[in-house]
Colleague: 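Below you will find the structure I want to go over with you.
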Amino acid sequence: MLTVETTKTWLSLFIEKLEMNEKYLNTLDESIGDGDHGANMLRGAQYLKAKLAEDTQSGSAELFRMAGMSFIQKTGGAAGLLYGQAFLHMSQSLQEGDDLLGILASGLEGIKKVGQAELREKTLVDVWIPVTEDVRNKRLTLDRINEHVISTKDFKAKKGRAAYVSEQLNGHVDPGAASCGYFFEAMLEAGVYDE
Amino acid sequence: MLTVETTKTWLSLFIEKLEMNEKYLNTLDESIGDGDHGANMLRGAQYLKAKLAEDTQSGSAELFRMAGMSFIQKTGGAAGLLYGQAFLHMSQSLQEGDDLLGILASGLEGIKKVGQAELREKTLVDVWIPVTEDVRNKRLTLDRINEHVISTKDFKAKKGRAAYVSEQLNGHVDPGAASCGYFFEAMLEAGVYDE
Amino acid sequence: MMSEQYGILLVSHVTELADGLARLLKQVAQDITVKAVGGAVDGGIGTSFDKVMAALEEMEEPDVLAFYDLGSAKMNLKLVSEMTDKKLIICDAAFVEGAYLVAVLLQADTPFEKIREQLQELYVK
Amino acid sequence: MMSEQYGILLVSHVTELADGLARLLKQVAQDITVKAVGGAVDGGIGTSFDKVMAALEEMEEPDVLAFYDLGSAKMNLKLVSEMTDKKLIICDAAFVEGAYLVAVLLQADTPFEKIREQLQELYVK
Ligand SMILES: Nc1ncnc2c1ncn2[C@@H]1O[C@H](COP(=O)(O)OP(=O)(O)O)[C@@H](O)[C@H]1O
Ligand SMILES: Nc1ncnc2c1ncn2[C@@H]1O[C@H](COP(=O)(O)OP(=O)(O)O)[C@@H](O)[C@H]1O
Ligand SMILES: [Mg+2]
Ligand SMILES: [Mg+2]
Ligand SMILES: [Mg+2]
Ligand SMILES: [Mg+2]
């Protein structure tokens, strides 16, 4: 269930995974981009962590607004802006009383508005969209999240740096897709999602 | 007649005219460009002047080579490169024993190769081409040179900065055309050209 | 006067690139506001939402034509455009060539529609 | 190795612009030689034949792809190309976007023909 508690856990687990996998995300970004995705995400994550530590009274919507501004202001790079925008839209959606599915759909809208990526263009959208579908169909599992992340290996990049050498990129997981996998693993582990 | 003496006089008179008209050329360039044509040309001219002062034994071809390198290396800006390239080609042509008409035609070739301007594009080519024609038809006068310079008022620029606002530039003489006028006035006055 | 309505904002991943381009533009557009912003928060290669937002807010002109080098600079501009009262016109034109064209044309008091038309030919993104 | 055959030369009217662009390129093309040259002899806005010639001659690669900001920078390149033994490929592509594309592709060992093909889409001059 989505409560203040589980929202906080969701964001904290996401932060933890980003901390643990900074190097790995950098490495993924090295093959297809400029090698900074892990470092970028860590910056946003640590700023948010400090904010969460101080916070005692925010509701879920406020927590996501906080996350949104943290990632927008501190991450640097494309993905940080997209996550930030997603979080802001999710915050808005929470305020309007939407359920998890509604919130994820709003987040996706934010991402698409700023990044204009479509499915199969080797971005975090390739995880966000099918995960949202799995939530709709009540069949989301850790395994399925992982499959969605791995599916990006076969796609050709059309956005960002990777687009330039897209033909040479088959076989590599997209770094943004990988970090997005962590976000949804954190969501599952936090108990936000319940069939 | 084209001799070492008249060549030196030609170049010296050109230098003198550039010195005397620096401000005017800048002003012309202010209306259609970045206002530096006079200053640019002066730099090349003064460098060449010093070289000529030292020189006692160069032939005509060598003098034009010297002029070419001076304008290419010291002028800065589009026109200096074009004059420089023209002078280098004229030097080559002199070495091959061409007459004045041949030399001017070679210079034009050099200008076109580097600048790719056609007639009526509001550049120094609009003076160089008709002057060459006048030499061919043995009817070059100071008045005709002046007419060619003034004719650029009505053309729309297609090259360089001026091209961006070409419609707004009718009524202005092209600065490169004006300096080119000085070059051919100097040629007449030096006695290089004789009907 | 055009120059009081329109300003130019340059967003690059590298500070010197934005600054250098601004210098080039100012030479041919003395009366136009050209604001350059570049680099990540720490000055490294990247972009910063805060820097872009601050640069835009410092401009006095209500309408701002924005140029950028790479995609994530554009994303910053899009985010900023949602949060500002100004009219931000994000131009997908060649960074240097597009901004230069607009600078020259604004300086020459060219009507906006004509600028838009000419700029179209430099769209490469 | 591509990187030993091809280098990138950037010519701008402003030193910082060329240098800043080189910095952007090096981040995604660590193994490619990127040489930046900009400004007039006195460091002001402009171009210098001598500087361009010297920069080119300092490069070890026999083939050099050259990008420029404005027309008179191109003229310098044309003059230089007549006086050098190197193969100078002057690219009429968008300055920043074109050079960035080529840097990324060279770094990824893309065949020259493919690079030329992709670059064609960024021709704006
Ligand atoms: N337009 C876009 N839409 C969606 N996702 C994008 C877009 N551009 C980039 N991304 C995502 O961002 C990731 C790269 O982020 P990051 O390395 O942090 O930023 P940068 O590319 O600016 O260095 C990519 O792996 C991809 O998933
Ligand atoms: N491509 C070209 N072909 C012929 N002449 C040109 C060309 N581009 C510019 N010019 C000439 O150069 C003159 C401007 O020279 P100058 O002001 O010294 O250089 P810049 O334009 O680089 O500041 C123009 O008035 C025009 O006559
Ligand atoms: Mg990256
Ligand atoms: Mg980056
Ligand atoms: Mg000028
Ligand atoms: Mg100039």
Side-chain angles (χ1 to χ4, degrees), chain A residues 26 29 32-44 46-47 65 67-89 91-92 106-107 109-117 121-125 157-164 166 175-176, chain C residues 9-19 36-58 64 66-96 120 123-125:
Chain A
N26 280 341
D29 196 23
I32 80 161
D34 56 352
D36 61 2
H37 184 57
N40 286 343
M41 293 300 287
L42 187 65
R43 237 183 343 257
Q46 289 186 328
Y47 186 80
R65 214 197 55 78
M69 288 316 291
S70 299
F71 276 84
I72 286 177
Q73 296 184 312
K74 299 297 165 192
T75 311
L81 295 172
L82 295 168
Y83 278 108
Q85 174 76 344
F87 296 161
L88 289 185
H89 278 240
S91 168
Q92 186 66 36
S106 297
E109 232 172 72
I111 293 173
K112 285 189 147 184
K113 196 164 172 190
V114 171
Q116 290 161 310
E121 291 186 351
K122 210 179 182 88
T123 72
L124 48 89
V125 160
K158 292 228 170 60
K159 294 280 177 233
R161 280 182 190 77
Y164 294 108
S166 60
Chain C
L9 177 64
L10 306 172
V11 186
S12 168
H13 278 62
V14 179
T15 320
E16 303 98 287
L17 213 176
D19 288 346
V37 56
V41 187
D42 63 1
I45 296 179
T47 53
S48 152
F49 169 84
D50 283 353
K51 282 194 190 180
V52 177
M53 189 70 181
L56 180 69
E57 291 303 325
E58 277 167 25
V64 171
F67 296 85
Y68 60 91
D69 56 357
L70 302 175
S72 59
K74 178 181 181 174
M75 290 186 200
N76 271 301
L77 285 166
K78 284 201 158 191
L79 282 173
V80 160
S81 80
E82 286 193 10
M83 302 185 192
T84 179
D85 292 332
K86 286 186 194 289
K87 187 167 160 207
L88 189 65
I89 305 153
I90 304 174
C91 305
D92 295 328
F95 188 43
V96 172
Q120 210 76 37
Y123 272 45
V124 291
K125 293 167 176 175

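A, B, ... follow the sequence lines: proteins, then strands. Residue 1 opens every chain. Note that this is a predicted model, so its numbers are computed, not measured.
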Colleague: Rounded to the nearest 0.5 Å, what separation is found between the CG atom of L79(C) and the CD1 atom of I72(A)?
Modeller: 4.5 Å
Colleague: Looking at every heavy atom in both G77(A) and S72(C), which two are closest together, and how far apart are they?
Modeller: C-CB, 4.0 Å
Colleague: For K74(C), is it the side chain, the backbone, both, or neither that has a heavy atom closer than 4.5 Å to a heavy atom of chain A?
Modeller: side chain
Colleague: Hey, could you give me the OG/NZ distance between S48(C) and K74(A), rounded to the nearest 0.5 Å?
Modeller: 7.5 Å
Colleague: Using non-hydrogen atoms and a 4.5 Å limit, figure out which bit of K159(A) sits close to chain C: side chain, backbone, both or neither.
Modeller: neither
Colleague: Looking only at heavy atoms and a cut-off of under 4.5 Å, which of N76(C), T47(C), D42(C) has the most pairs with chain A?
Modeller: N76(C)
Colleague: What's the separation between atom CD1 in I45(C) and atom CG in D34(A), rounded to the nearest 0.5 Å?
Modeller: 8.5 Å
Colleague: Restricting to non-hydrogen atoms, name the atom on K113(A) and the atom on K78(C) that form the minimum distance, rounded to 0.1 Å.
Modeller: O-NZ, 3.1 Å
Colleague: Pair L88(A), E82(C) - check side-chain contact (heavy atoms from CB on, under 4.5 Å), show working.
Modeller: CA-CA 12 Å; L88(A) 289 185; E82(C) 286 193 10; over 6 Å; no
Colleague: Less than 4.5 Å apart, any side-chain heavy atom of M75(C) and any of Q85(A)?
Modeller: no
